[in-house]
Amino acid sequence: QAKRQGRNHFHFYSADISDRFHESVTLRNQLQHVLEQGALTLYYQPIVRAHDHAVVGVEALLRWQREDGSFVPPSEFIPIAEDTGQIIPISSWVLHQACVDGIKLQKFGELSVAVNLSARQFSRANFIDSLSHTLNLTGFSSRLLHIELTESVLMEDTNRAFQQLQKLRDRHFVISLDDFGTGFSSLGYLKTLPVDILKIDRGFIQDVTENDDDAAITRSIITLAKQLNLKVIAEGVETPEQAKFVEDAGVHYIQGYYFARPMPLEQLLDFLAENKVSGSH
Ligand code: C2E
Ligand code: MG
Ligand code: MG
Ligand code: MG
């Protein structure tokens, strides 16, 4: 109402905030039961090698399907789950499910499974032990489990983050820096941080063939990563032109709608049966 009246800016603004507040309270309540209801699933998006487009692994992406069939995007419910602490049981479920599913992929080749980690999960004292426990239970290998973290997760408590990363490294987990280039951290930290892979943020790839700045940034990230002995994944590649650009720039791996969208496990198994897989046996 206040929106329609539009009498002054304040009314417009407060109505908007209150709409969003109600939406978030509703989501928060619904989110409480998602695990018991089995409303969460993992979708998987293939990641391909640049030079021959063979699939080398997948990224697990969380999906919440409501009773009416609609999907709530992770960008909406993960921040809420972080707030309420529900991210902890949800993340445990994600890790366990990704490992169970990861085992099923091994008949196609030595495929890695990447999972996204939230700050809250990463900073937990028993996180690495529970991770090892999950691997023992499922029989999945730490070398094939890629842990994706954003710069912001690492910047919350740099010393502690560094220790956690080192422990993960000691246990042979592979660590990826997600959405790379969007944080404001100094590049110097890359030299000492125990990470293995940089994922160039989709935001740079989107206009990489038209925008000289994005092109320069993308090329620079790839060059930098190579000099530091890191592997690079370009995220969000949607067109053959973008794929060609990042390949010419020397990227190692590519992920994006151009090759495959995130899909349920059953569909992924069909996809892997029909496409070239790296190290297949
Ligand atoms: P992310 O880890 O950077 O994941 C990549 C996102 O880009 C995914 O969105 C994927 O569907 C999307 N994407 C991939 N290729 C393309 C493309 O070619 N074009 C476009 N337009 N988009 C593409 P999604 O699945 O909505 O996930 C969004 C974010 O939610 C993820 O970003 C990640 O930060 C978070 N997330 C997803 N699953 C989990 C999870 O299990 N745990 C945690 N903590 N976070 C998760
Ligand atoms: Mg990710
Ligand atoms: Mg990303
Ligand atoms: Mg992202």
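Just so it is clear, the model here is predicted, and its values are computed rather than measured. Order of appearance sets the numbers: ligands from 1, and atoms from 1 within every ligand.
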Query raised in the report: Do ligand 1 and Gln255 have nitrogen or oxygen atoms that lie under 3.5 Å from each other?
Result: no

Query - Numbered atoms and elements of ligand 1 in range of Gln45, under 4.0 angstrom, heavy atoms - result: 14 (C), 15 (N)

Report task. Give a yes or no on this: more than 12 heavy atoms of other residues, nucleotides or ligands lie within 6.0 Å of atom NZ of Lys226. Result -> yes

Query raised in the report: Got a sec: does the CZ of Arg124 have more than 12 other heavy atoms crowding it under 6.0 Å?
Result: no

Query raised in the report: How does Asp179 reach ligand 1, if at all, at less than 4.0 Å between non-hydrogen atoms: by side chain, backbone, both, or neither?
Result: side chain

Query - Candidate with minimal heavy-atom separation from atom 39 (C) of ligand 1, of Ile87, Leu61, Ile78 - result: Ile78

**Report entry** Asp201 near the Mg ion (ligand 3) via N/O/S, less than 2.8 Å
**Finding:** no

Query - Proximal atoms of ligand 1 relative to Arg202 (non-hydrogen, under 4.0 Å) - result: 7 (O), 19 (N), 20 (C), 21 (N), 22 (N), 23 (C)

Requested in this report: Answer yes if the side chains of Glu241 and Thr209 hold a donor-acceptor pair under 3.5 Å, and no otherwise.
Outcome: no

Requested in this report: Can you figure out which of Ser176, Ala81, Ala98, Pro262 has its heavy atom closest to atom 11 (O) of ligand 1?
Outcome: Pro262

Query raised in the report: Is Ser176 close enough that one of its N/O/S atoms sits under 2.8 Å from the Mg ion (ligand 2)?
Result: no

Query raised in the report: Going hydrophobic residue to hydrophobic residue with side-chain gaps under 4.5 angstrom, can you get from Val55 over to Tyr257?
Result: no

**Report entry** Salt bridge present between Asp248 and Arg219 (N-O < 4.0 angstrom)
**Finding:** no

Report summary line: Under 4.0 Å from one or more heavy atoms of Glu238, ligand 1 contributes atoms 17 (C), 18 (O), 19 (N), 20 (C), 21 (N)

Query raised in the report: Does an N or O anywhere in Ser75 fall below 3.5 Å from an N or O of ligand 1?
Result: no

Query raised in the report: Can Glu59 be said to touch ligand 1, with heavy atoms closer than 4.0 Å?
Result: yes

Query raised in the report: Can you tell which part of Ile90 has a heavy atom less than 4.0 Å from ligand 1: side chain, backbone, both or neither?
Result: neither

Query raised in the report: Nearest heavy atom to atom 34 (O) of ligand 1: which of Ile47, Leu62, Asn116, Leu149 does it belong to?
Result: Asn116

Query - Flag if over 12 foreign heavy atoms under 6.0 Å of CD, Glu67 - result: no

Report task. Could you pull out all residues at least two apart from Pro264 that satisfy side-chain contact (heavy atoms from CB on, under 4.5 Å)? Result -> Tyr43, Gln267

Report task. Check which hydrophobic residues are tied to Ile233 through side-chain heavy-atom contacts below 4.5 Å, counting indirect links as well, and list them. Result -> Ile47, Val56, Val174, Ile197, Tyr253

Query raised in the report: Is there an N/O/S atom in Glu148 at a distance below 2.8 Å from the Mg ion (ligand 2)?
Result: yes

Query - Angular separation of Asp178 OD1 and Glu235 OE1 about the Mg ion (ligand 3), given to 10° - result: 100°

Query raised in the report: Once you round to the nearest 0.5 Å, how far does CG of Leu117 lie from CZ of Phe122?
Result: 7.0 Å

